[in-house]
Structures are given as C-alpha cells and as structure tokens.
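This report concerns only the one structure given below.
Scope of the values below: all heavy atoms of this structure, side chains included, with no hydrogens, waters or symmetry mates. Predicted, not measured: the structure shown is a model, and the values here were computed from it.
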There are 2 protein chains.
Amino acid sequence: MPSSIKISNKDKMLLTAIDLISQKGYKSVTTQEIATTAGLSEKTLFRHFGSKQNLLETAFDRFHYSEEMEDTFHKKLTGDLETDLLLISKTYHRIMNQNRKMIMIAIKEGNTLPGFLEKTQQHPRQLLKILTLYFKNMHKKGKIIHTDFELQAISFMMMNFGAFLNNLDADKSFPTVTLDKFIQTSVQTFARALTP
Amino acid sequence: MPSSIKISNKDKMLLTAIDLISQKGYKSVTTQEIATTAGLSEKTLFRHFGSKQNLLETAFDRFHYSEEMEDTFHKKLTGDLETDLLLISKTYHRIMNQNRKMIMIAIKEGNTLPGFLEKTQQHPRQLLKILTLYFKNMHKKGKIIHTDFELQAISFMMMNFGAFLNNLDADKSFPTVTLDKFIQTSVQTFARALTP
DNA sequence: TATGACTGTCAGTAGTGACTGTCATTTTGT
DNA sequence: ACAAAATGACAGTCACTACTGACAGTCATA
C-alpha cells in the first residue's frame, strides 16, 4: 500500500455497499455480493449491521458529507458578478460530486426509502438561499437589474443541477462538452443577462 | 364510462406496469402486484407476456411516445428570439411530460436495462441540434451575439432538464415555483443574454 | 348448440435472498 | 506468547417470487 491508511472492514463494506447500490439499486444488490466484493464474508456483514436496511442507513449517515458553508461563503463573495457566480457554481458541483453516489441512491430509492431525498437536497437549498440573497444585495448596489431574484436563482441552480445529473452516468447525453467549459459559458450567460 | 373507448386487458397491464415500476422500481414490483392492480389474474399476465422482462420491454416499446418534430419545427420559428425560445422550452417540457414515467424508469433502471436511457434521450438530442442551428442562423442575421452556440444550447437544455426532473417527484426541491413561471423567467434571461 | 378465444382459481415448482447457528481459524492488543 | 476479539466456512431456515400446469367458467359467433 502506498499510503498506510488502514480502512476498517466495517467501512470497507459501507463503501462497497454505496458503490453497488448506487449502480444497481438497493433491491438488485444482494448482501452476498456486497460482502464478497468487499473481500469479506456475508456473515461478517450481518455481524456488523444486523440487517441490509441498517447497512444502507449506516452508510448514508456515515458518508453523507454535509459541510457548513454559510459563514465562509458570504465573505468570499467579491461583489463582481461573474466571479461570484463562478464561485457558487463550482461550489455547487464540488459538493454534489462529493455526494454523487448518495444522490444517485436517493434518486433511485427516493420513493421507497423516505428521508434520503431530503438530506441530499439540503445543500442545494442552502445555496439557493445564499444566491437569492446575493442577487438582492447586488441589486441594492445597482450592480444587477431588477427581476424576480428567487426565480433567477432557481434558474441558475436548475441549470447546474441538470448539468450535474448529465455527468452522473458513464454514458452521458451530451458527451462532447466538459463540465468546466459548461460552467464557464453558463456563468457568462447569466452575468450578461443580469448586468444593467 | 364517459368515453366508450375500451382498453384491452393487455394494455391495462402494460399501463399498470409502467405506473408501478416508475414508482417503485422494477425489482420492487411483483408480477402479482401488477396483475391484481390491473384487476386481472397473475396467470393472465404470463399468458400475454411470458415473462416479467418481456412485459416491461413491451410496455416501453408500446408507450414511448416518439413524435417527429424536425419538419414542423423549423417553420414555426419566427425569428423573434424570446418567442422562439419559449416555443422550444414548452415543446421540451411537453415531450418530457408525455414520457415522464418512462424517463423515471430509464433513470432508475438505466444501468440494468440497457437501451432504455438512449431512447429517452432521443428527443433532447434532437432539440439540441435544432437549437444550436437556430442560434447559428440568428447570429448570421445579426440578431444574437457570437458565442459557442452548442454550449449555449446545452446550457439552455440543461436548465430545462433540471427543472423537469425537479418536477418529477411529488415532493419537489423547490416547490414554491410553478413550471410556467420558471420557463418564462429563464427564457427572458437567455434572451437578454444573447441579444446584441 | 358447439366451438374457440380469453380468463380465473388453485396448487405447485424451483430458485433466490435475507438472515441465523455452530465451530474452526485468524488477527489483534498487551 | 497468550487471551480476546474478529472473521470465515458451511449448513440450514424461512419467506418470497417468477413461472407452470390442470381444470373450469364466460361469452361471442357460426
């Protein structure tokens, strides 16, 4: 091993479970498959987690990254529209990519496993608030035109949400475009639309 | 019955299958459940379709709406940017909503049932081509600024894709906003960003 | 009335998957 | 090196599920 970080068997199984379930879906993955893929025996799985359900819930709680952002975020906003939209967009994609497997699970099993969807929507909602408020403040400073700020913020978030989902699967709908180039263009578009 | 259109038992089961599978996922729905929900016996299901797999595939082929649009579409474009973007956006959402259950199935079972995803991505790709070409032509006429037209078209499509997916589930991420208002605002944004 | 297409009931099969118990073996902490 | 904890191998239980077979009922049509 290059890095001598030891990963416990428990975490091995949790990570494997997230991997497989995000790919195939909860029902399609067997406890047998999870265990052997993790290089362990099925028995060990049940010794640790008791049930398949509990395995998934534990995995979700343990590996759902939920960092605080409010405090640091406001300070980083410069007042330059394009710069700030770029920061917000990149932050969004960074957070979403950290949680990409969890989000995939939440989308697939959202109906059957209630509560999952909400947790994954936590960050987007937070960013939406920040962005809406940001638009309001920028308008007060006379730096952007007057519109429905929340709707505008939602449009921006939706666009990034669509782009994120498109990048989730291996076979993408529009594979010709990289995410970075998309972010750049879309931010420019919004900046141009909002400057007075 | 108000309308005397008789729906065959075969179609009853196909529609029920689409309904249930789009909600719960393929693996979570039993043939028993499909049959009784359709008001028929499980035996009849197998007499018609032979297997659960075949039932789903038949359902997908039979009820995946794939209208032609190229011909009529170009003629409807007026040359007024905002009007045309509105038409494209509404067309997109109309088609996506017709196929919403199919798209849900494709998203959930996309990895396990290959070929489904591609079919649902057929329309978005077509609209993307039309929109990209439209931008090029509008630029030639001097009606919009010069940008990367494909990237611009993708941004627009992504935004609508995100909005569509957000409206898919009963519990939406941003429930305060109706789809129509979103479409209106987003179209205005893009129109403003692109006019010289 | 008789035939055929369609359907329901019921009993049953074969396979699978979550989960348990037992005992031997390995790994770990001290 | 030794005891404790963790793991594996294996066999087995129980419920569920896709799918089949045998038989009977309904209904339209010739």
Side-chain angles (χ1 to χ4, degrees), chain A residues 1 3-62 105 108-109 111-116, chain B residues 1 4-63 105 108-109 111-116:
Chain A
M1 308 271 181
S3 67
S4 60
I5 302 169
K6 286 178 187 174
I7 184 170
S8 70
N9 285 341
K10 210 169 174 178
D11 283 2
K12 251 187 225 168
M13 277 189 292
L14 290 174
L15 290 170
T16 307
I18 292 171
D19 243 52
L20 294 176
I21 293 175
S22 68
Q23 289 172 30
K24 304 184 174 184
Y26 179 75
K27 278 269 187 178
S28 295
V29 177
T30 69
T31 52
Q32 170 79 357
E33 191 181 1
I34 295 172
T36 57
T37 305
L40 300 167
S41 79
E42 192 185 7
K43 182 79 205 184
T44 303
L45 187 155
F46 283 100
R47 272 198 274 247
H48 278 304
F49 304 104
S51 74
K52 189 185 176 187
Q53 271 285 335
N54 185 254
L55 167 65
L56 176 55
E57 281 163 19
T58 306
F60 203 88
D61 290 343
R62 186 130 166 51
I105 293 176
K108 285 184 179 173
E109 327 288 344
N111 303 330
T112 51
L113 307 178
F116 275 44
Chain B
M1 305 274 181
S4 59
I5 302 168
K6 288 178 187 174
I7 184 169
S8 71
N9 285 340
K10 209 169 175 178
D11 283 1
K12 252 186 224 168
M13 276 189 291
L14 290 174
L15 289 170
T16 307
I18 292 171
D19 243 51
L20 294 176
I21 293 175
S22 69
Q23 287 172 30
K24 304 184 174 184
Y26 179 77
K27 278 270 187 176
S28 295
V29 177
T30 68
T31 52
Q32 171 80 337
E33 190 181 2
I34 294 172
T36 57
T37 304
L40 301 166
S41 78
E42 192 185 7
K43 184 78 204 182
T44 304
L45 187 154
F46 282 100
R47 272 196 273 246
H48 278 304
F49 304 104
S51 74
K52 190 185 175 186
Q53 270 285 335
N54 185 254
L55 168 64
L56 175 56
E57 281 163 18
T58 306
F60 203 88
D61 290 343
R62 186 129 165 52
F63 291 98
I105 293 178
K108 285 184 178 173
E109 326 289 342
N111 303 331
T112 50
L113 308 177
F116 275 43

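- Under the side-chain hydrogen bond (donor to acceptor under 3.5 Å, both in side chains) criterion, A:Gln23 pairs with no residue at all, not counting sequence neighbours.
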Using the 3.5 Å cut-off, write out each protein N or O paired with an N or O of nucleotides 4-7 of chain C and the distance between them.
unit_1, atom_1, unit_2, atom_2, d
C:dT7, OP1, B:Asn9, ND2, 2.5
C:dT7, OP2, B:His48, NE2, 2.8

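- In this structure, B:Thr58 OG1 and B:Ile18 CD1 are separated by 10.0 Å, a value rounded to the nearest 0.5 Å.
- When all heavy atoms of B:Leu20 and B:Val29 are compared, the closest pair comes out as O-CG2, 3.6 Å.
- Note: NZ (A:Lys43) to P (C:dT25) measures 18 Å, nearest angstrom.
- With hydrogens and angles ignored, the 3.5 Å screen pairs a side-chain donor or acceptor of B:Lys108 with a backbone N or O of B:Ser22.
- When all heavy atoms are compared, the tightest approach of B:Asn54 to B:Phe49 is OD1-O, 3.0 Å.
- Rounding to the nearest 0.5 Å places CD1 of A:Ile21 at 10.5 Å from OG1 of A:Thr16.
- In terms of modelled atom types and a separation under 3.5 Å, the side chain of B:Thr112 and the main chain of B:Glu109 share a donor-acceptor contact.
- Rounded to the nearest 0.5 Å, atoms NZ (B:Lys52) and OG1 (B:Thr30) are 7.0 Å apart.
- Within 4.0 Å (heavy atoms only), A:Lys52 reaches sugar-phosphate atoms of the nucleic acid but no base atom.
- Put simply, A:Thr31 has a side-chain N or O that comes within less than 4.0 Å of OP1 or OP2 on C:dA18.
- Rounded to a whole Å, the CG atom of A:Leu20 is 14 Å from the P atom of C:dG17.
- What separates OH of A:Tyr26 from C1' of C:dG17 is a distance of 11 Å, to the nearest Å.
- For B:Glu42 and A:Lys27, each mapped to the nucleotide of DNA chain C holding its nearest heavy atom, the one lying further toward the 5' end belongs to B:Glu42.
- Nearest-nucleotide positions on DNA chain C for A:Thr30 and A:Gly50 put A:Thr30 closer to the 5' end.
- Contacts between chain B and DNA chain D, taken as any atom within less than 4.0 angstrom of a protein heavy atom, begin and end at D:dT17 to D:dG21.
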